[in-house]
Novice: 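Questions regarding the structure given below will be posed in turn.
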Amino acid sequence: MRRPIVAGNWKLHGSRAENGRLIEELTAQFPAKAVAACIVCPPFVYLQECARLLRGSSIELGAQDVCAEAQGAFTGEVSAAMLKDVGCEYVIVGHSERRLIYRESDQLVARKFAAAQSKSLVPILCVGEQLADREADRTEEVIARQLDAVLALSGVDAFANAVIAYEPVWAIGTGRNATPEQAQQVHAFIRARLGARSDKIAAETRILYGGSVKAGNAAELFAMPDVDGGLIGGASLKADEFLAILAAAGTQ
Ligand code: PGA
């Protein structure tokens with residue numbers, strides 16, 4: 001049984017005051033019987049304070065990115081050890097905004113994944129195709145390439161302590177989510193690709209869907225057999241909406 005995860009990616013949003021309000025609302029209304037694990041990923045500068053605000057709650061903390069290097073002359077970067085030090089348990093790697101805007105390669109993303117695991121952070125590895133890839137029927141080729149870079153560097157067993165998020169780029173922030181069937185198809189492909197190397201890892205790895213998940217479409221997406229929760233952008237900034245998505249992942 002894979003415990004679902006609902007993770008909020010706050011991206012470049014928030015302030016100390018806004019984060020404080022959001023966390024207060026989330027923790028005050030947090031359901032006692034949520035089935036899914038719940039994670040929030042604020043910007044780097046707010047992680048330490050968010051860790052303090054979340055203490056004693058059921059909400060876990062993640063970062064949005066990590067440096068592939070452990071330490072040294074890498075101005076502007078934040079290491080896995082630093083994230084762990086301030087209370088993070090998870091870190092997103094390979095988000096499409098990092099891959100596309102900041103030109104992160106599959107190989108760099110694979111190194112970030114390994115760097116996270118070297119400090120016992122759980123990487124949330126994002127994969128996803130662009131609209132042109134889908135239209136050219138290259139979705140599986142792109143996902144395979146992104147996944148294989150990590151498998152080549154870290155091996156399939158590394159996924160025992162990792163989460164995958166399938167996020168079609170054309171669905172991110174567009175209001176146009178993948179249909180449950182489209183998501184399921186790619187999730188099944190990802191699981192089969194892991195399964196070619198290890199049935200056990202394939203059966204146990206959580207694969208989240210991300211891209212315009214809202215309270216109104218979460219339940220039908222999460223109902224698909226290979227969709228184990230969601231990575232939520234815009235809708236994670238509103239407590240009511242985010243908690244409704246969490247509830248869509250099930251209550252005991
Ligand atoms: P969205 O973003 O929910 O705003 O589409 C998802 C993501 O980028 O993780």
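Read the numbers this way: they start at 1 and go in the same order the structure lists the ligands and their atoms.
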Novice: Measuring from the heavy atoms of Ser236, does anything fall under 4.0 Å of ligand 1?
Specialist: no
Novice: Take atom CD in Gln185; do more than 12 heavy atoms of anything else shown fall under 6.0 Å from it?
Specialist: no
Novice: Backbone or side chain, does any N or O of Glu97 fall under 3.5 Å from an N or O of ligand 1?
Specialist: no
Novice: So, does Ala235 sit close enough to ligand 1 that a heavy atom of it is under 4.0 Å from the ligand?
Specialist: no
Novice: Can you sort out which atoms of ligand 1 are near Ser212, meaning under 4.0 Å from one of its heavy atoms?
Specialist: 1 (P), 3 (O), 5 (O)
Novice: Atom 7 (C) of ligand 1: which of Lys214, Arg176, Glu167 has the nearest heavy atom?
Specialist: Glu167
Novice: Would one find an N or O of Gly173, backbone or side chain, under 3.5 Å from an N or O of ligand 1?
Specialist: yes
Novice: Where's the contact between Ala171 and ligand 1, heavy-atom distance under 4.0 Å: side chain, backbone, both or neither?
Specialist: backbone
Novice: I need the atoms of ligand 1 closer than 4.0 Å to a non-hydrogen atom of Gly234, numbered in the order shown.
Specialist: 1 (P), 3 (O), 4 (O)
Novice: List every atom of ligand 1 that sits less than 4.0 Å from any heavy atom of Asn9, numbering the atoms from 1 in the order shown and giving each element.
Specialist: 9 (O)
Novice: Given Asp226, which of Arg191, Arg206, Arg193 fulfils the salt bridge (Lys or Arg N to Asp or Glu O under 4.0 Å) condition?
Specialist: Arg191
Novice: Please indicate whether any nitrogen or oxygen in Gly233 is less than 3.5 Å from any nitrogen or oxygen in ligand 1.
Specialist: yes
Novice: Please work out whether any backbone atom (N, CA, C, O) or any side-chain heavy atom from C-beta onward of Ile172 is under 4.0 Å from ligand 1, and answer side chain, backbone, both or neither.
Specialist: both
Novice: Within the supplied structure, the quantity of interest is the number of heavy atoms (other residues, nucleotides, ligands) at a distance under 6.0 Å from Glu25 CD; does it exceed 12?
Specialist: yes
